[in-house]
Amino acid sequence: MNKLNKLTNIQPVVEVRHLTKRIRTRSIVDQITFDLFPGEVFGFLGPNGAGKTTTIRMMVGLIGMSDGDVTINGYSIRTSFREAIQHVGAIIENPELYKHLTGMQNLKQFARMVEGIPQSRIDQIVQLVGLTARIHDKVKTYSLGMRQRLGIAQALLHKPAVLILDEPTNGLDPAGIREMRQLVRKMAAEEGIAVMVSSHLLAEMEQMCDRFGVVIDGRLRTTFSLADLQSQTDSQTLEETYIRLTEVANYA
Ligand SMILES: Nc1ncnc2c1ncn2[C@@H]1O[C@H](COP(=O)(O)OP(=O)(O)OP(=O)(O)O)[C@@H](O)[C@H]1O
């Protein structure tokens with residue numbers, strides 16, 4: 001827990017405890033423990049194959065866990081899956097969209113599957129993700145960045161407490177990456193959501209996130225805040241810190 005959260009006694013939205021995935025004799029995720037707090041953006045970093053996607057897939061119940069647990073707003077993914085998952089919005093692979101329908105038709109279609117989403121909520125989210133001008137156009141005419149933002153709108157409709165995005169900037173051009181960064185910051189600030197995002201774009205992550213966790217070989221090597229990074233006397237960039245951490249692991 002960082003200093004601010006200790007002082008204000010904010011409760012975590014997500015508690016990941018000793019999360020482990022074993023495949024045969026190998027632990028590809030090994031005893032990972034961390035919290036996510038409301039309104040923060042948590043960057044989940046690590047080399048290829050470190051275990052980030054496996055961790056995220058277990059957190060949203062896409063695959064089973066071998067050990068440990070994840071609780072969301074106090075509900076366990078293991079024992080109270082329905083209650084836990086209703087507080088989660090996630091985009092793990094590409095968002096599921098009907099390309100021959102308009103953005104608005106996609107959102108209405110999705111809203112019908114969840115109880116109690118009024119049109120006013122749809123309109124509010126469309127504005128939040130910056131799609132108002134194009135929402136009545138067919139999705140097949142959208143850029144990749146617009147499709148990603150529509151996917152995020154869909155994931156936000158039911159007012160989740162946490163949003164989990166696995167490599168949301170993959171394939172986006174620089175303008176799309178910047179829009180995604182601004183959107184993530186806005187969601188955390190305006191909706192008070194805890195956002196967890198994985199990416200290899202470290203300069204981007206440094207601008208987008210408040211806190212970071214670095215996974216190496218299935219273990220959470222360290223967590224630190226942006227403030228920690230900036231207050232170091234040698235004031236390293238995120239990239240320098242990350243390279244130092246992963247190089248130490250390579251030669252250990
Ligand atoms: N079903 C599986 N069977 C065997 N090994 C697996 C399986 N799923 C993942 N792995 C292995 O577990 C390790 C972690 O994979 P994971 O996809 O979680 O890494 P990652 O950190 O998300 O990587 P990247 O940054 O490349 O997306 C890798 O070595 C991968 O090959």
Side-chain angles (χ1 to χ4, degrees), residues 14-36 41-70 72 77-78 81 84-85 88-96 144-145 147-148 151-152 155 162-174 176-177 180-181 184 194-224 237-252:
V14 177
E15 295 170 83
V16 177
R17 293 291 175 271
H18 308 291
L19 189 60
T20 299
K21 182 72 179 177
R22 274 186 295 273
I23 293 192
R24 288 178 290 277
T25 53
R26 187 174 158 225
S27 292
I28 60 173
V29 171
D30 194 5
Q31 299 277 337
I32 285 191
T33 291
F34 65 92
D35 292 324
L36 297 179
V41 183
F42 181 73
F44 203 45
L45 312 176
N48 290 130
K52 302 179 296 296
T53 300
T54 306
T55 301
I56 288 174
R57 291 174 74 90
M58 284 191 283
M59 287 175 70
V60 299
L62 279 174
I63 55 171
M65 41 188 105
S66 308
D67 214 342
D69 202 357
V70 177
I72 296 162
I77 281 281
R78 230 183 222 287
F81 180 75
I85 210 67
V88 180
I91 303 183
I92 311 293
E93 276 119 24
N94 291 329
E96 295 274 328
L144 186 62
R147 287 178 197 194
Q148 285 290 64
I152 288 181
V162 55
L163 183 71
I164 302 177
L165 304 172
D166 195 13
E167 308 208 24
T169 49
N170 254 7
L172 296 186
D173 63 18
I177 291 173
M180 183 59 68
R181 183 210 321 147
V184 164
V195 186
M196 174 170 173
V197 51
S198 80
S199 170
H200 294 289
L201 302 178
L202 296 177
E204 200 48 50
M205 292 290 263
E206 189 166 352
Q207 293 185 65
M208 195 191 304
C209 303
D210 304 298
R211 215 155 57 85
F212 307 92
V214 181
V215 181
I216 300 171
D217 283 340
R219 293 182 176 219
L220 188 62
R221 169 75 174 68
T222 182
T223 59
F224 54 92
T237 62
L238 178 63
E239 185 179 67
E240 285 163 340
T241 302
Y242 175 87
I243 296 287
R244 188 167 42 79
L245 286 166
T246 50
E247 268 177 358
V248 169
N250 281 341
Y251 295 114

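Both ligands and their constituent atoms are indexed starting at 1 by order of listing. As the structure is a prediction and not an experimental result, all values here were calculated from the model.
- Close approach of ligand 1 to H200 is summarised as follows: ligand atoms under 4.0 Å from at least one heavy atom of the residue are 25 (O).
- Under the 3.5 Å distance criterion, the side-chain polar atoms of D210 are matched with a main-chain donor or acceptor of V41.
- Of the residues D69, D67, D35, the one that meets the side chain to side chain donor-acceptor pair (under 3.5 Å) test with R17 is D35.
- Listed by atom number, the atoms of ligand 1 under 4.0 Å from K52 heavy atoms are 18 (O), 19 (O), 20 (P), 21 (O), 22 (O), 23 (O), 24 (P), 25 (O).
- Judged by distance alone, the side chain of K52 and the main-chain N or O of G218 form no donor-acceptor pair under 3.5 Å.
- The main-chain N or O of T237 is found under 3.5 Å from a side-chain atom of E240 such that the two form a donor-acceptor pair.
- Summary of contacts: the protein heavy atom closest to atom 26 (O) of ligand 1 is N48 ND2, 2.9 Å.
- Distance from atom 31 (O) of ligand 1 to its nearest protein heavy atom, with residue and atom name: R26 NH1, 4.9 Å.
- Not a single heavy atom of R57 lies less than 4.0 angstrom from ligand 1.
- Nearest-heavy-atom check against atom 19 (O) of ligand 1 across S199, G51, S198 picks out G51.
- For the 3.5 Å distance criterion, the side chains of Q31 and R219 fail to qualify, holding no donor opposite an acceptor.
- In this structure a side-chain-to-backbone donor-acceptor pair under 3.5 Å is missing from E167 to S199.
- Ring orientation note: the planes of F42 and F34 are close to parallel, at an angle under 30° on the 30°/60° scale.
- Judged purely by atom type and a 3.5 angstrom limit, T53 has no side-chain atom pairing as donor or acceptor with the backbone of G51.
- Of all protein heavy atoms, the one closest to atom 8 (N) of ligand 1 is I28 CD1, 4.1 Å.
- The ligand atoms of ligand 1 that sit less than 4.0 angstrom from a heavy atom of A50 are 19 (O), 20 (P), 21 (O).
- Atom 14 (C) of ligand 1 has G49 O, 3.2 Å as its closest protein atom, hydrogens excluded (heavy atom only).
- The single protein non-hydrogen atom nearest to atom 7 (C) of ligand 1 is I23 CD1, 3.6 Å, given as residue, atom name and distance.
- At least one heavy atom of E167 sits less than 4.0 Å from an atom of ligand 1.
- When hydrogens are left out, the protein atom nearest atom 18 (O) of ligand 1 is T54 OG1, 2.5 Å; that is the closest non-hydrogen contact.
- Not a single N or O atom of T55, backbone or side chain, sits closer than 3.5 Å to an N or O atom of ligand 1.
- Under 3.5 Å, the side chains of D166 and S198 contain a donor-acceptor pair of N or O atoms.
- Looking only at heavy atoms of the protein, atom 17 (O) of ligand 1 is closest to T53 CB, 3.8 Å.
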